[in-house]
Amino acid sequence: MRGLAALYVVLFHCWLYTFPGYPDSRAPWWLDGLMFGRLAVVFFLVLSGFSLAISPARHGWRSDGVARFLRRRAWRILPPYWAALAMSLLVSWFVVPASHFGPPTGKTLLVYGLLAQDTLTAPTPNGAFWSIGVEAELYLLFPLLLFLRRRWGAAVLVACVALPVIVGASHAEGANRLAAHLAPVFAAGVAGAGIIVASDRVRRLPWAWFAVLAALPVLAVGLVQGSVWTVDHYFWVDLALAPAMTMLLAAVATGRPALLVRLLTARPVRGLGGFSYSLYLIHLPIVMAVVRRVAPRFVAPGLPTFWFTLVLALPVSVLGAWLFSRVFELPFQRNRSWTSLTALPSARFRPRRRAGAGGRPDAQLTASGTPSTPCDTRC
């Protein structure tokens with residue numbers, strides 16, 4: 001599901017940079033379905049809260065410790081992010097700037113390198129990075145959310161996060177400081193993880209139909225008011241759709257509907273999900289380079305540029321993300337420490353031991369001396 005959402009974000013950016021004037025752009029009306037990239041990012045956050053909370057939910061809503069959690073999150077998120085930051089800086093400096101405020105500066109390197117882009121302003125090297133700063137702030141909030149859920153339950157958890165945000169909603173939503181606005185959707189995902197460990201009666205409820213029923217009023221209002229109104233009221237739309245997104249995740253996590261689960265577990269879709277984070281990180285510089293540097297040499301503006309970008313930038317982004325993940329993402333998923341990571345090159349050239357006396361090969365050891373086992377890379 002994360003992979004499909006990331007693919008939609010790529011399509012959104014192909015649309016966004018082809019047709020200027022967002023949200024009231026000059027794009028054909030039949031492409032309006034591509035203009036809601038923000039909702040895909042909201043889904044990322046709901047999914048993040050949901051997936052991170054599954055293990056604590058199975059252990060009485062307790063984690064392995066705040067320091068351990070933050071260390072593992074940093075190990076998972078930062079290496080590919082920093083590599084993508086370096087790539088984005090090079091593209092912004094030498095190919096196409098990513099911001100109308102000018103090329104990246106030293107402040108850009110400091111702000112984005114420290115994941116402070118949601119609180120401090122600097123010329124962006126990559127417009128997709130805003131959500132990474134938001135998610136980093138939500139990770140700091142995660143232990144508190146677990147405490148609220150453990151102590152007072154799901155309803156109190158959601159109320160404690162959502163009510164202050166709703167009361168303060170009169171403040172205009174700016175280009176940053178979005179973590180407070182999006183904390184309720186993350187908390188909704190955390191609360192929804194409780195369905196995984198609930199009784200069989202609760203797990204068997206038709207969560208997919210509940211998701212449809214919860215989404216229909218929001219979609220109906222958006223259809224009546226129009227896409228421009230929807231984009232201008234994203235804050236309320238985010239909050240209204242978060243329950244539907246959470247119930248959809250609960251449905252899939254409990255194995256229903258079977259047709260959707262079969263689709264999501266098909267090998268190509270699972271493969272896309274495996275490098276979805278890399279796809280999100282690096283696609284935008286590729287899309288912008290194609291739209292602003294390559295396409296003008298071959299096609300006219302408007303629809304010809306859109307189709308040209310779709311045909312060229314989409315496969316290049318997917319293939320590039322797959323290669324990028326092999327170098328900067330998967331090694332950090334499969335190895336949980338620098339010791340095991342740096343031991344990989346030497347381990348590849350280390351001769352295998354012969355089979356033991358009983359005919360069984362000796363267990364291959366990791367750098368720490370423990371038998372190697374398949375690594376759980378779902379997080």
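Basis for what follows: all heavy atoms, side chains included, without hydrogens, waters or symmetry-related copies.
- In this structure, the side chains of Ser92 and Pro104 come closer than 4.5 Å at one or more pairs of heavy atoms.
- Val134 places none of its side-chain heavy atoms less than 4.5 Å from the side chain of His181.
- Although no hydrogens or angles enter the test, the distance criterion places no donor-acceptor pair under 3.5 Å between the side chain of Ser63 and the main chain of Pro56.
- In this structure, Arg26 is not positioned above the aromatic face of Phe19 in the sense of NZ or CZ being under 6.0 Å from the six-membered ring centre and within 45° of the axis.
- The structure places CZ of Arg204 at 8.0 Å from OG of Ser199, a figure rounded to the nearest 0.5 Å.
- Between Val291 and Phe306 the shortest side-chain heavy-atom distance does not fall below 4.5 Å.
- Note that OG of Ser317 is 12.5 Å distant from CZ of Phe324, once rounded to the nearest 0.5 Å.
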> Where do Met87 and Ile286 land on the side-chain contact (heavy atoms from CB on, under 4.5 Å) test, with the steps shown first?
Replying inline: CA-CA 10 Å; Met87 168 191 162; Ile286 297 172; 4.1 Å; yes

> Would Leu272 and Leu279 satisfy side-chain contact (heavy atoms from CB on, under 4.5 Å), going step by step from the backbone distance to the final call?
Replying inline: CA-CA 9 Å; Leu272 178 65; Leu279 179 61; 4.1 Å; yes

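- Considering only heavy atoms from C-beta on, Tyr22 comes within 4.5 Å of Val231 through its side chain.
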> Is there a side-chain contact (heavy atoms from CB on, under 4.5 Å) between Leu115 and Tyr81 once you walk through the steps?
Replying inline: CA-CA 9 Å; Leu115 288 173; Tyr81 169 75; 3.3 Å; yes

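- Trp207 and Val185 are not part of a single hydrophobic cluster, where members link through side-chain heavy atoms under 4.5 Å apart.
- Proximity of Val261 to Arg256: side-chain heavy atoms (C-beta onward) are nowhere separated by under 4.5 Å.
- Leu163 and Leu144 end up in different hydrophobic clusters when Ile, Leu, Val, Met, Phe, Trp and Tyr side chains are linked at under 4.5 Å.
- Linking ILVMFWY residues whenever their side-chain heavy atoms come closer than 4.5 Å, directly or via other members, places Phe186 and Trp152 in the same cluster.
- Taking CG from Leu4 and CG from Leu264, the interatomic distance works out to 6.5 Å, rounded to the nearest 0.5 Å.
- Residues Ile195 and Val190 are members of separate hydrophobic clusters, defined by side-chain heavy-atom contacts under 4.5 angstrom among Ile, Leu, Val, Met, Phe, Trp and Tyr.
- From Leu241, atom CG reaches atom OH of Tyr234 across 10.0 Å, with rounding to the nearest 0.5 Å.
- Minimum interatomic distance between Thr246 and Gly192 (heavy atoms only, all atoms of both residues): CG2-CA, 3.5 Å.
- Note that the CG atom of Leu145 and the CG atom of Leu52 stand 10.5 Å from one another [nearest 0.5 Å].
- Ring-plane geometry between Phe308 and Phe298 is classed as parallel, the angle between the planes falling under 30 degrees on a 0 to 90 degree scale with a further cut at 60.
- Taking both residues in full, the closest heavy atoms of Gly274 and Leu330 are given as O-CD2, 4.3 Å, listed atom of the first, atom of the second, then distance.
- When side chains are defined from C-beta on, Leu219 does not count as touching Leu223, because their heavy atoms never get closer than 4.5 Å.
- Between Pro23 and Met35, the closest heavy-atom pair is O-CE, 3.3 Å.
- Side-chain polar atoms of Thr124 and Gln117 form no donor-acceptor pair below 3.5 angstrom.
- Counted by atom type alone, Ser131 and Tyr280 present one or more donor-acceptor pairs between their side chains at under 3.5 Å.
- Between the Ser48 side chain and the Phe44 main chain, no donor and acceptor come within less than 3.5 Å of each other.
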>> Between Ile132 and Tyr277, does the side-chain contact (heavy atoms from CB on, under 4.5 Å) criterion hold? Intermediate values first, please.
In response: CA-CA 10 Å; Ile132 309 301; Tyr277 181 45; 4.0 Å; yes

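- Classified by interplanar angle (parallel below 30°, tilted 30° to 60°, perpendicular above 60°), the ring pair His233/Trp229 is parallel.
- For the pair Phe332 and Phe328, the tightest heavy-atom approach, listed with the atom from each and the gap, is CD1-O, 3.3 Å.
- The shortest heavy-atom contact between Gly222 and Thr230 is CA-OG1, 3.5 Å.
- Taking CG of Leu85 as the reference point, atom CG of Leu109 lies at 6.5 Å (rounded to 0.5 Å).
- Side-chain atoms of Asp118 come within 3.5 Å of backbone atoms of Arg177 as a donor-acceptor pair (strictly under, hydrogens ignored).
- Under the 4.5 Å side-chain criterion, counting only non-hydrogen atoms from C-beta, Leu182 is in contact with Arg38.
- In this structure a side-chain-to-backbone donor-acceptor pair under 3.5 Å is missing from Trp61 to Phe147.
- The same ILVMFWY cluster, assembled from side-chain heavy atoms under 4.5 Å apart, contains both Phe36 and Leu47.
- Scanning all heavy atoms of the two residues, the minimum distance from Ala162 to Pro184 falls at CA-CG, 3.9 Å.
- Annotation: side chain of Thr309 is in contact with side chain of Thr305 (closest heavy-atom distance under 4.5 Å).
- Within a 6.0 Å sphere centred on CH2 of Trp29, heavy atoms belonging to other residues, nucleotides or ligands number 12 at most.
- Other residues, nucleotides and ligands place no more than 12 heavy atoms under 6.0 Å from the CH2 atom of Trp82.
- Classification of the Phe12-Trp15 ring pair by plane angle, with boundaries at 30° and 60°, yields parallel.
- The main-chain N or O of Thr121 is found under 3.5 Å from a side-chain atom of Lys107 such that the two form a donor-acceptor pair.
- Within 6.0 Å of the CZ atom in Arg293, the count of heavy atoms belonging to other residues, nucleotides or ligands exceeds 12.
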